[in-house]
Amino acid sequence: MKNSNNRREFFAKAGLAGGTALVMPELSQAKTAYTEKEKPDKKLQKKLMSLAENFRGEVGIYARHLGDGRSVRIRADELFPTASMIKIAIMARLFDMILKGEIGYHDNLEWTGEPKYPYEGEDILSCFRTGQKIKLSKLIMLMITISDNQASFWLQQIAGYGTEINPVLESLSLEKLRMNSRTPGREEAQKNYGWGQTTPYEMCRILELIRTGRAVSRGASEEMYRILTRIYWSGEALSQIPPQVQAASKQGALSRSRSEVVLVNAPHGDYVFCCISKNQEDTGWEDTNEGYQLLRDVSRTIWRHFEPDYDWEPAVSVGMWDQNR
């Protein structure tokens, strides 16, 4: 599965010499300087706390402006289920493998029909014929952009499950973001949190590390960031951000949990936020689910707070344009 040409191309794009990572690049798109310091934002805290307190379930939120450090923490260091947000961790491990020459980014992989994702869905890969080939790069695209679970299940296997994925997270100084699925020793964690677990803060942190070129390598980070800006599921948090503004994101959903992590390349500087619910009462899958609405409300509140002078309003409140044409 090794592909030396692909590896050389990847190294060239990454700006690497012998696999040595470069220093963190500047955030050239941001109009304000980057800082890791946090400065509690009392006004935004109050607005978001009101949303969390009125929600029928438990809510965790972390938000920070990457330019000036204004931040909000609401149960930000408490564990929550990742649901499909764990796919960012799977992707990071795959790029780690690519960088080490263990697999090529554009290697053709043959679909054998196994492993099968145990739940029915609308996954594209499930429609593939046995023996059909697909490039690794396209599988990663399916996993992230449309959250194809069958592709994710296969890539999780290729990545080595949590046994190989979690050490990559540890190398990024992430202490609580973990893959639980099919990982020896994490059976109890999987029972409590499912596929993966995280805190709102650490979910933001991995996206921030990718944005600033510090996840795996600069080149890997840039490619991962591009993939994360091509999300199909735009009806929740993304629906409250102007379409002219770039945002990288990943969504997650379980019957009693809804989640989303977003990094916005806003006019006045990048900001990142993550909102996760658990034990929510509304278990429906309609677009009006309280968890989905919470994600919209949180996203809209943060956008308006950091970009109060931007002249734009969503065309529809639900984020699904064809319902209110």
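Model, not experiment: these values are computed from the prediction.
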> Are there more than 12 heavy atoms of other residues, nucleotides or ligands under 6.0 Å from atom NZ of K138?
Replying inline: no
> Do K37 and S71 pass the side chain to side chain donor-acceptor pair (under 3.5 Å) test, and can you show the C-alpha distance, the side-chain angles, and the key distance before you say yes or no?
Replying inline: CA-CA 9 Å; K37 295 181 180 179; S71 61; over 6 Å; no
>> Hydrophobic clusters here meaning ILVMFWY residues chained together by side-chain heavy-atom distances under 4.5 Å, can you tell me if L254 and W233 are in one?
In response: no
>> In the structure I gave you, are the side-chain heavy atoms of Y225 and N265 within less than 4.5 Å of one another anywhere?
In response: yes
> Linking I/L/V/M/F/W/Y whenever any side-chain heavy atoms sit under 4.5 Å apart, do M224 and V168 land together?
Replying inline: no
> Under a single-linkage definition using a 4.5 Å side-chain heavy-atom cutoff for Ile, Leu, Val, Met, Phe, Trp and Tyr, are L79 and L172 assigned to the same hydrophobic cluster?
Replying inline: no
>> With a 4.5 Å cut-off on side-chain heavy atoms, are E202 and L169 touching?
In response: no
> Hey, does the Lys NZ or Arg CZ of R70 hover above the aromatic six-ring of F306, less than 6.0 Å from the centre and inside 45° of the axis?
Replying inline: no
> Under 4.5 Å between any side-chain heavy atoms of R214 and E208, yes or no?
Replying inline: yes
>> With salt bridge (charged side-chain N to carboxylate O under 4.0 Å, His left out) as the criterion, how do R300 and E313 come out once you've worked through the C-alpha distance, each side chain's angles and the decisive distance to 0.1 Å?
In response: CA-CA 9 Å; R300 181 175 61 256; E313 289 290 335; over 6 Å; no
>> Is there a path of hydrophobic side-chain contacts, each under 4.5 Å between heavy atoms of I/L/V/M/F/W/Y residues, joining I241 to Y292?
In response: no
> Does NZ or CZ of R186 fall inside the cone over W195's six-membered ring, less than 6.0 Å from its centre and within 45° of the axis?
Replying inline: no
> For D68 and T35, which heavy atoms make the closest approach, and how far apart are they?
Replying inline: C-CG2, 3.8 Å
>> Are the side chains of C275 and L295 in contact, using a 4.5 Å heavy-atom criterion?
In response: yes
>> Could you check whether D41 and H305, counting side-chain N and O atoms only, form a donor-acceptor pair closer than 3.5 Å?
In response: yes
> Going by atom types only, do D282 and Q293 share a side-chain donor-acceptor pair under 3.5 Å?
Replying inline: no
> Is any side-chain heavy atom of I140 closer than 4.5 Å to a side-chain heavy atom of I90?
Replying inline: no
>> Tell me whether L174 shares a hydrophobic cluster with F95, the cluster being built from Ile, Leu, Val, Met, Phe, Trp, Tyr side chains joined at under 4.5 Å.
In response: yes
>> Set out, in order, the CA-CA distance, both residues' side-chain angles and the distance that settles salt bridge (charged side-chain N to carboxylate O under 4.0 Å, His left out) for R218 and E222, then state yes or no.
In response: CA-CA 6 Å; R218 176 181 173 181; E222 289 180 353; 3.2 Å; yes
>> Tell me whether the rings of W303 and Y310 are parallel (<30°), tilted (30 to 60°) or perpendicular (>60°).
In response: perpendicular
> Would a 4.5 Å heavy-atom cut-off, applied to side chains only, mark L125 and F153 as touching?
Replying inline: no
> Looking only at heavy atoms, what is the nearest atom pair of K176 and T199, with distance?
Replying inline: CD-CG2, 3.4 Å
> Are any of the side-chain heavy atoms of E223 and Y105 separated by less than 4.5 Å?
Replying inline: yes
>> Counting only heavy atoms not in E175 (residues, nucleotides, ligands), do more than 12 fall under 6.0 Å from its CD?
In response: no
> When the ring planes of Y62 and Y201 are compared, do they come out parallel, tilted or perpendicular, using 30° and 60° as the limits?
Replying inline: perpendicular
>> Side chains of K87 and N149: any donor to acceptor distance under 3.5 Å?
In response: yes
>> Give me the atom names and distance for the closest heavy-atom approach of G60 to P200.
In response: C-CG, 3.7 Å
> Below 4.5 Å, heavy atoms only, C-beta onward: do T82 and S259 meet side chain to side chain?
Replying inline: no
